[in-house]
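Every chain is numbered from 1 and lettered A, B, ... according to where its sequence line falls, protein lines coming before strand lines.
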Amino acid sequence: MNDKKKAKQIVIISGKGGTGKTSITASFAALSRDSVLADCDVDAADLHLVASPRRIAVNSFISGNEAVISPDICTGCGRCSDLCRFEAVSRDESTGKYFVLPVSCEGCGVCVDNCPAGAIDFPQRRCGEWMISETKYGTMVHSRLDAGAENSGKLVTLVRNEAVNAAEKESADLILIDGPPGIGCPVIASLTGTDYILAVTEPTMSGRHDLMRVLDLAGHFKIPVFVCINKWDINPEITKDIEKLSAEKNAEILGRIPYDMNITLAQIKGISAVEITDSIAAKEITAIWKKLKQKIL
Amino acid sequence: MTIAFASGKGGTGKTTFSVAFALSADDNVTFLDCDVEEPDSHFFIKPEITGNEKITVPVPVVDSGKCTGCGRCAKVCRFNAITMLGKKPLIFHELCHSCGGCSIACPEKAVSEIQIGTGVISSGIRDHISFYQGLLDIGNTKSPPLIKAVKKKGDGASLVIIDSPPGTSCPMVTALKGADYTVLVTEPAPFALNDLKIAVETVRILGIPFGVVINKSDHPFPQTEEYCRKEAIPVLLKVPEKRAAAEGYSSGESIIKIFPGLGDEIKKAISTIKKEAVR
Ligand code: SF4
Ligand code: SF4
């Protein structure tokens, strides 16, 4: 098994949301069949809605700690609240004791280390769960972050690493990663160690702007990046401009997908866009997939 | 009064509607673009930018003359931002959460803090809108300190509109915290409904009153409205899909130009929000 080649990883990201990133990832999954899927869009994990997963393993995602003050031991000195830089500690006016607001606690432990009465506990924090599932497209690693939980960057890394393990077990050639939006912590976590990036964008002023941020980020990490433009025909002028700007930043354009209501209809039916075979978008996505496969495999 | 616009998933029209509300409001508005990874609202508000302010966060530095190499700082840091290389602490600023724990813990008082940049706040004016946006530096992983700094710009203003980051994790929570009302923007489709439900859970944990705006409301997916009805979530506004809206959006035109009468509907929604928020 050790002489096997490592599976290639491609992350599909978009900068801004709503460009059709997940629909395209699901389509690639449907076209490739033997890839491992990783849903790293942990804040808005939607891939499972089209992949019809059957969970084979469910695990809690534990990350960091959170401070909990015992009211019985707290003397009300207020040192914790003075030291906490995240405004997570407040005083209960009726009892004079202090308490921690879990959504605000950063888990730094400063209050725990410095409480003169030793009143603060620091238990581990459950932030969500992650799953390995069988889907109609192959194995998928995905997760569910608890509402308002932090550490989504760590969960992204965990999901990716588990996908790498799964790919190794199955000797898969490719890991398809549905990446998070933006360019911050979760995205960077999804990019570290990946082989390729596919940026899905749309021809809007914000789409163009966000794509440039994504391309800069790809440049920062020196990862080869491809671009495809969804709904290209809502603004042909910006489409051309995006193609020009992408070329300047050494990103190869793989194709243009037309505005097509079938992408939403597929979602409503719970299937991937390419499974509506007579749609014009499906044709383009299939062509993009073929090109991509040639480039990376 | 602070109204925050959010959505579990991006691309449902969060920016479109936060801008439309700001443009339609009768009162002066302070608009805060807290989507600091991808601030897009300026394309639609088109403010004249008059100021750029660098925002910094404190991070530790060690005075090697005072450091005895005891390793206390590395031990207390919960984020592994300090590693001991033999007797020398090595600090990784990109991992630091600026908690200050290491400088408190150092018995030799060898750790002090310096300020490093995290992003920029640009400000400007357009008609009745005072505009502020945060832009996170490329390669920076932590947006909450910048989001907090943008939010400070709303202190004392009578009507504040926040365009918050997508998702439901720390950046979104940071943007929403302390708001009087949250507008969740969604569209009738399975992905968006899934994300709406998670956003609703989050806003409930934060204890902020909220309502929903349904964009592209004519999509054949009644489940979204059924969900709102079942959960007794007020639907503030419904706007159908129009290709002209997508085209207008692509070139930075606000949706209120595409749908005549939408401005008045938004004014009504704002007065509903004002009533709901004080309850
Ligand atoms: S652990 Fe840190 S963030 Fe949490 S309450 Fe204590 S001092 Fe504040
Ligand atoms: S300030 Fe806090 S997070 Fe930063 S290095 Fe010191 S202990 Fe670690």
Side chain from CB out, backbone as N, CA, C, O: work out which of these in [X] comes under 4.5 Å of a heavy atom of chain B, or both, or neither.
X: A/Phe86; result: both
X: A/Arg144; result: side chain
X: A/Ser14; result: neither
X: A/Ala45; result: backbone
X: A/Asp233; result: both
X: A/Ser104; result: both
X: A/Glu202; result: side chain

Query raised in the report: Any cation-pi pair here, B/Arg243 with A/Tyr259, using under 6.0 Å and within 45°?
Result: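 Yes, a cation-pi geometry holds between B/Arg243 and A/Tyr259.
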Looking only at heavy atoms, which two atoms of [X] and [Y] are closest? And how far apart?
X: B/Cys106; Y: B/Val111; answer: CB-CG2, 3.7 Å
X: B/Thr174; Y: B/Lys151; answer: O-NZ, 2.7 Å
X: A/Asn235; Y: A/Pro203; answer: CB-O, 3.4 Å

Extract all donor-acceptor atom pairs below 3.5 Å that involve side chains of residues 264-272 of chain A and protein atoms in other chains or at least two apart in sequence.
unit_1   : atom_1 : unit_2   : atom_2 : d
A/Gln267 : OE1    : B/Phe191 : N      : 3.2
A/Ser272 : OG     : A/Glu275 : OE2    : 2.6

Pick one of side chain, backbone, both or neither for [X], based on which atoms fall under 4.5 Å of a heavy atom in chain A.
X: B/Ser251; value: both
X: B/Val173; value: side chain
X: B/Val36; value: backbone
X: B/Ser143; value: neither

Query raised in the report: Please, which pairs that meet salt bridge (charged side-chain N to carboxylate O under 4.0 Å, His left out) have at least one residue in residues 35-45 of chain B, sequence neighbours excluded?
Result: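 Listed by first then second residue: B/Lys14-B/Asp35.
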Query raised in the report: Taking it one step at a time, do A/Thr22 and A/Asp46 satisfy side-chain hydrogen bond (donor to acceptor under 3.5 Å, both in side chains)?
Result: CA-CA 7 Å; A/Thr22 301; A/Asp46 292 326; 5.3 Å; no
Query - Donor-acceptor contact below 3.5 Å, side chain B/Ser254 vs main chain B/Lys257 - result: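 Looks like no, no N/O pair under 3.5 Å.
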Report task. Take atom NZ of B/Lys242 as the centre, draw a 6.0 Å sphere, and report whether it contains more than 12 heavy atoms from other residues, nucleotides or ligands. Result ->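 Atom NZ in B/Lys242 is crowded, with more than 12 foreign heavy atoms closer than 6.0 Å.
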Query raised in the report: Mind checking what makes salt bridge (Lys or Arg N to Asp or Glu O under 4.0 Å) contact with B/Arg126, not counting sequence neighbours?
Result: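 Listed in chain order: nothing, the list is empty.
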Query raised in the report: Mind checking whether B/Phe31 and B/Phe131 have parallel, tilted or perpendicular rings, split at 30° and 60°?
Result: parallel
Return the option, out of [options], with the maximum number of heavy-atom pairs under 4.5 Å with chain A.
options: B/Ser98, B/Pro145, B/Gly252; result: B/Ser98
options: B/Ser7, B/Pro171, B/Ala199, B/Gly100; result: B/Gly100
options: B/Ile104, B/Ile205, B/Ile198, B/Leu206; result: B/Ile104
options: B/Met172, B/Lys148, B/Lys142, B/Lys177; result: B/Lys177
options: B/Arg204, B/Glu113, B/His42; result: B/Glu113
options: B/Leu193, B/Val203, B/Leu176, B/Leu136; result: B/Leu136

Query raised in the report: Salt bridge or not for A/Glu129 and A/Arg55, using N-O below 4.0 Å?
Result: yes
Query raised in the report: Do NZ/NE/NH1/NH2 and the carboxylate oxygens of A/Arg256 and A/Glu243 come within less than 4.0 Å?
Result: yes
Query raised in the report: Taking every heavy-atom pair that is under 4.5 Å apart, which of A/Asp113, A/Val112, A/Leu217, A/Val50 has the most such pairs with chain B?
Result: A/Asp113
Report summary line: Among A/Ile238, A/Val110, A/Asp216, the residue with the most heavy-atom pairs under 4.5 Å to chain B is A/Val110
Query raised in the report: If you round to the nearest 0.5 Å, how far is CG of A/Leu47 from NZ of A/Lys21?
Result: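 It comes to 8.5 Å.
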Report task. Considering only heavy atoms, give the residues of residues 215-225 of chain B separated from chain A by less than 4.5 Å, sorted numerically, with 'none' for an empty result. Result -> B/His219, B/Pro220, B/Phe221
**Report entry** Aromatic ring proximity B/Tyr249/B/Phe44, centre distance under 6.0 Å
**Finding:**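 Yes, they do, as the ring centres are separated by less than 6.0 Å.
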